[in-house]
Amino acid sequence: MKFNSPAQIRRLADFKGENLLTTSFYLDTDKSRQTKKEIAVSFKNLLSEGRTRLAVLDVSKAKKDSLVQDLDRIARFGASGLSAWTAAGLALFACSGAKFWEEMSLPRAPRNHIIFDRSLYVRPLSSMLDEYRRICALLLDRQEARWHEIFMGEISLLDTLKSEVPSRVREGGWQGYESKRIERHIDAHLHDHFKKAALKTFDLFKKNTFDWLFLSCKEEYRSNFEPLLHPYLKERLKGWLKSDSNISEDKVLKQSLEIERNLKAAEEEALAQALVAELEKGGRAVSGIKEVLRKLNTWEVQSLVLSRHFATGGTACPKCHYLYVDELRCPFCQVKTEKVQDIVHESVHSAMDKKVQVRYVTPPSKLDRYGKIGAFLKYKI
Ligand SMILES: [Zn+2]
């Protein structure tokens, strides 16, 4: 299955393997940087790392048996499916005891790792998804218009439009009044074409809800076309593609991805800045894993902001599911807490359960000085 929607993350996050543990296996399969042989070696190494860890894992027999079967299944995949894998990243999710198995191709290379946990490890997916926006690229010419969707590094044609606009041919004898009349006539046609294009863009927006609109047209058309766009679209108009009537799909994609990267970097910087500003004025924000978990436990978090790849250990209460950094016993339930390999991952799960937005900032950033994690709160502290 190809990874391309938040619904897939949701579904994996919701998976419950009854009382069993799950296996999540992530591998960098990007062939632009490594040979097939190197990928096969990394696969083997990661699998044997999993076997070593599993051998000393102190869990019930049923849990262990299921995990052993997971690794066997992954090994079988390595023998049969790996050499034909074309995507830049591979994710395998398994819980054999509950008959669960999923192969997922990723648009970008993940960090190689294997995780045994109560829930499937979806954080690399949520972090990857957050790197992309749904973009509509409109290529507008004086007679034609073409719309492309760009999402997760891929481009597809959405729609096209062709209008009859007379060309501006000046012939001898067209002077003065007559010439002006013809010009006005052409302008009216052009205006109609732009109007149709603007309406269609809005229709496509209603159907596909893209985040950003990128436009390619001649400089002289910009001032005529932009005012015709619906206010929702004006807000989303974020990028300008070089205008060229015969621009190829590849070039549109390449330019769009570059603009996306820059916009995304600016957006992350602004997000980190907004959080720091809120923290410094003592407003509705907290920082550091301990404080963030405390607020997350009590449903006070509005959105979670974390540094990509930040991970640290912690504990979780098996009864109330509160998350802690170092509590050995839950202060509320008085039961012994369970050790968790990556409490940041658990916090992402908890946030998703509570419909709290999770946003990522690529390090280095201002967030680094504030414990690499923060949260905007619903209420003032
Ligand atoms: Zn508890």
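Fair warning: this is a prediction, and the values are worked out from it, not measured in the lab.
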Query raised in the report: When rounded to the nearest 0.5 angstrom, what is the spacing between CZ in R369 and OG in S287?
Result: 11.0 Å

Query - Side-chain H-bond candidate by donor/acceptor type, D28 with Q34, under 3.5 Å - result: yes

Report task. Starting at CG of L82, measure out to NZ of K44 and round the result to the nearest 0.5 Å. Result -> 11.0 Å

Query raised in the report: Under 3.5 Å, side chain of R284 to main-chain N/O of K378, donor-acceptor pair present?
Result: yes

Query raised in the report: Are side-chain N/O atoms of Y370 and E280 paired as donor and acceptor at under 3.5 Å?
Result: yes

Query raised in the report: Would you say L271 and Y360 are hydrophobically clustered, going by side-chain heavy atoms of ILVMFWY under 4.5 Å?
Result: no

Report task. Using a 4.5 Å cut-off on heavy atoms from C-beta on, say whether the side chain of W101 contacts that of I74. Result -> yes

Requested in this report: Check E149, E260, E267 against R133 for a salt bridge (charged side-chain N to carboxylate O under 4.0 Å, His left out) and give me the one that passes.
Outcome: E267

Query raised in the report: For E164, does the CD atom sit with more than 12 other heavy atoms under 6.0 Å from it, leaving out its own atoms?
Result: no

Report task. May I ask you to check whether S32 and D30 show a side-chain donor-acceptor distance below 3.5 Å? Result -> yes

Query - Check: E38 main-chain N/O paired with T35 side-chain donor or acceptor under 3.5 Å - result: yes

Query raised in the report: What distance do K64 atom NZ and D70 atom CG have between them, rounded to the nearest 0.5 Å?
Result: 13.5 Å

Query raised in the report: Does T22 use its side chain to pair, donor to acceptor, with the backbone of A94 at less than 3.5 Å?
Result: no

Query raised in the report: Do R308 side-chain atoms and V361 backbone N/O form a donor-acceptor pair below 3.5 Å?
Result: no

Report task. Verify the cluster assignment for L90 and L106: are they in a single hydrophobic cluster under the rule of side-chain heavy atoms below 4.5 Å apart? Result -> no

Report task. Considering only NZ, NE, NH1 and NH2 on the basic side and carboxylate oxygens on the acidic side, decide whether D192 and K196 come within less than 4.0 Å. Result -> no

Query raised in the report: Parallel, tilted or perpendicular: which describes the rings of Y232 and F202, with under 30° parallel and over 60° perpendicular?
Result: tilted

Query raised in the report: Can you list the steps and then say if F25 with F43 is a ring-ring contact (aromatic ring centres under 6.0 Å, His included)?
Result: CA-CA 10 Å; F25 184 94; F43 186 96; 5.1 Å; yes

Requested in this report: Would you indicate whether the side-chain heavy atoms of T23 and L120 approach each other to under 4.5 Å?
Outcome: no

**Report entry** Atom NZ of K234 with >12 non-hydrogen neighbours under 6.0 angstrom
**Finding:** yes

Query raised in the report: I343 and E346: side-chain contact (heavy atoms from CB on, under 4.5 Å), yes or no, with the steps?
Result: CA-CA 5 Å; I343 199 72; E346 295 291 330; 4.3 Å; yes

Requested in this report: For the residue pair E268 and T362, confirm or rule out a side-chain donor-acceptor distance under 3.5 Å.
Outcome: yes

Report task. Would you check, one step at a time, whether the test side chain to side chain donor-acceptor pair (under 3.5 Å) holds for Q273 with K366? Result -> CA-CA 7 Å; Q273 180 57 49; K366 287 209 159 88; 2.7 Å; yes

Query raised in the report: Do other residues, nucleotides or ligands put more than 12 heavy atoms under 6.0 Å from the CG atom of N19?
Result: no

Requested in this report: With the side chain counted from C-beta on, respond yes when K290 and Y324 share a heavy-atom pair under 4.5 Å apart, and no when they do not.
Outcome: no

Requested in this report: Test E291 against R294 for salt bridge (charged side-chain N to carboxylate O under 4.0 Å, His left out), laying out the working first.
Outcome: CA-CA 5 Å; E291 277 305 299; R294 208 159 63 83; 2.9 Å; yes

Query raised in the report: Do the side chain of N208 and the main chain of L204 share a donor and acceptor less than 3.5 angstrom apart?
Result: yes

Query - Steps toward salt bridge (charged side-chain N to carboxylate O under 4.0 Å, His left out) verdict (K63, D58) - result: CA-CA 10 Å; K63 280 182 180 163; D58 184 22; over 6 Å; no

**Report entry** Distance-only donor-acceptor check, side chains K354 and S350, under 3.5 Å
**Finding:** yes

Report summary line: So CH2 of W85 and OG of S105: to nearest 0.5 Å the spacing works out to 5.0 Å

Report summary line: Tested for salt bridge (charged side-chain N to carboxylate O under 4.0 Å, His left out) against D14, the lone hit among R10, K16, R11 is R10

Query raised in the report: Is there a side-chain contact between F205 and C136 (heavy atoms, below 4.5 Å)?
Result: no

Requested in this report: Verify the ring-centre separation between H113 and Y121: is it less than 6.0 angstrom?
Outcome: yes

Query - Pair R146, T160: side-chain N/O donor-acceptor within cut-off below 3.5 Å - result: no

Query raised in the report: Counting distance only, does the side-chain N/O of T337 pair as donor-acceptor with the main-chain N or O of C317 below 3.5 Å?
Result: no

Requested in this report: Check whether any side-chain heavy atom of S119 lies under 4.5 Å from a side-chain heavy atom of H345, and answer yes or no.
Outcome: yes

Query raised in the report: Can you tell me how far OG of S96 sits from CZ of R73, rounded to the nearest 0.5 angstrom?
Result: 7.0 Å

Query raised in the report: For the side chain of D141 and the backbone of Q143, is there at least one donor-acceptor N/O pair under 3.5 Å apart?
Result: no

Query raised in the report: Are any of the side-chain heavy atoms of L129 and P6 separated by less than 4.5 Å?
Result: yes

Query - Steps toward side-chain contact (heavy atoms from CB on, under 4.5 Å) verdict (L139, L241) - result: CA-CA 8 Å; L139 314 181; L241 303 169; 4.1 Å; yes

Query - Neighbour count above 12 (heavy atom, 6.0 Å) for K372 NZ - result: no

Query raised in the report: Taking C-beta and beyond as the side chain, do M104 and L125 meet within less than 4.5 Å on heavy atoms?
Result: yes

Requested in this report: Evaluate whether atom NZ of K264 has more than 12 neighbouring non-hydrogen atoms of other residues, nucleotides or ligands under 6.0 angstrom away.
Outcome: yes

Query raised in the report: Quick one: are F93 and Y26 in side-chain contact, heavy atoms under 4.5 Å?
Result: yes

Query raised in the report: Given S347 and L293, is the side-chain contact (heavy atoms from CB on, under 4.5 Å) satisfied, shown in steps?
Result: CA-CA 7 Å; S347 75; L293 291 179; 3.8 Å; yes

Query raised in the report: Under 3.5 Å, side chain of S48 to main-chain N/O of N45, donor-acceptor pair present?
Result: yes

Query raised in the report: Is the side chain of S307 donor-acceptor paired with the backbone N or O of F310 at a distance under 3.5 Å, no angle test?
Result: no

Report task. Look at the rings of F332 and Y322 and say which category their plane angle falls in: under 30° parallel, 30 to 60° tilted, over 60° perpendicular. Result -> perpendicular

Query raised in the report: Regarding R134 and the six-membered ring of F210, is the cationic atom NZ or CZ under 6.0 Å from the ring centre and inside 45° of its axis?
Result: no

**Report entry** Output field: ring centroids H189/H193 closer than 6.0 Å
**Finding:** no

Query raised in the report: Between K200 (side chain) and W147 (backbone), is there a donor-acceptor pair under 3.5 Å?
Result: no

Report task. Find the distance between CD1 (I114) and CG (L46) and round it off to the nearest 0.5 Å. Result -> 5.5 Å

Requested in this report: Just do the salt bridge (charged side-chain N to carboxylate O under 4.0 Å, His left out) check on E49 and R53 with the steps written out, would you?
Outcome: CA-CA 6 Å; E49 182 200 319; R53 281 222 316 267; 2.9 Å; yes

Query raised in the report: Would L190 and F225 satisfy side-chain contact (heavy atoms from CB on, under 4.5 Å), going step by step from the backbone distance to the final call?
Result: CA-CA 10 Å; L190 199 58; F225 180 68; over 6 Å; no

Query raised in the report: If you draw a 6.0 Å radius around CG in L328, do more than 12 non-hydrogen atoms from other residues or ligands fall strictly inside?
Result: no

